[in-house]
Amino acid sequence: MRDDESERRDDFAGPLDLPDEHEAPDPQGDDGHDYSLTDDVLALIEDGKTYAEAELRFQKSRAGFIANRAKGAIAFGLGAFGVLHLALIAATVGLVIALVPIIGAWGATALVTVVLVIAGVILLRLLKSRIDDIRDAFDEEDPS
């Protein structure tokens, strides 16, 4: 270690992790005025506004991203629903064709139609019970 370095270090009474060129903070600003609590509060308010604006921009960007992804998800969902609907139609037609040799064309058509109507009625009753549960949850009256 050189002699001039040890002299500089002996003069410095600050924390050890600061560089040698570090100067103690000046209690006065660059313009020669003392900082006050009012200045700190105003700076804090300004920082809060900046943060709020940045947060608002971030949330708008996030909402735009989600809206874009939701459009794609809806398109894929509708496409999947359409394909599955066509598959069920094909299965229904195939079932009718498979039953024709056993019970005839009119019998196969009637049997498949009756089974599908029964399944539809069961699903509608389940739907109605779920809707009634939702309606009851929002009902203002006391059940007791």
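None of these values were measured; they are calculated from a predicted model.
- By the criterion of side-chain heavy atoms lying less than 4.5 angstrom apart, applied directly or through intervening Ile, Leu, Val, Met, Phe, Trp or Tyr residues, L88 is not grouped with V117; the two fall into different hydrophobic clusters.
- In terms of hydrophobic clustering, with Ile, Leu, Val, Met, Phe, Trp and Tyr side chains grouped at heavy-atom distances under 4.5 Å, I102 and W106 are assigned to different clusters.
- With rounding to the nearest 0.5 angstrom, the NZ atom of K49 is 14.5 Å from the CG atom of L56.
- In this structure, the side chain of S61 does not engage the main chain of R57 through any donor-acceptor pair within 3.5 Å.
- Applying the side-chain contact (heavy atoms from CB on, under 4.5 Å) test between L95 and each of L99, I97, V93 identifies L99 as the sole match.
- For the pair D132 and K128, the salt-bridge criterion is met [side-chain N within less than 4.0 Å of a carboxylate O].
- Two different hydrophobic clusters hold L116 and I89 under the rule that ILVMFWY side chains link at heavy-atom gaps under 4.5 Å.
- D133 and R130 are not joined by a salt bridge, as no carboxylate oxygen comes within less than 4.0 angstrom of a charged side-chain nitrogen.
- Here the CG atom belonging to L44 is positioned 10.0 Å from the CG atom belonging to L37, to the nearest 0.5 angstrom.
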*Verdict with supporting geometry, L127 and I131, side-chain contact (heavy atoms from CB on, under 4.5 Å)*: CA-CA 6 Å; L127 173 67; I131 291 174; 3.9 Å; yes
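- Contact record, A105 with V100: CA-CG2, 3.9 Å, taken as the closest heavy-atom pair.
- Taken together through direct or relayed side-chain contacts under 4.5 Å among Ile, Leu, Val, Met, Phe, Trp and Tyr, L78 and L84 form parts of separate hydrophobic clusters.
- Looking at S129, its side chain does come within 3.5 Å of a backbone N or O of L126 through a donor-acceptor pair.
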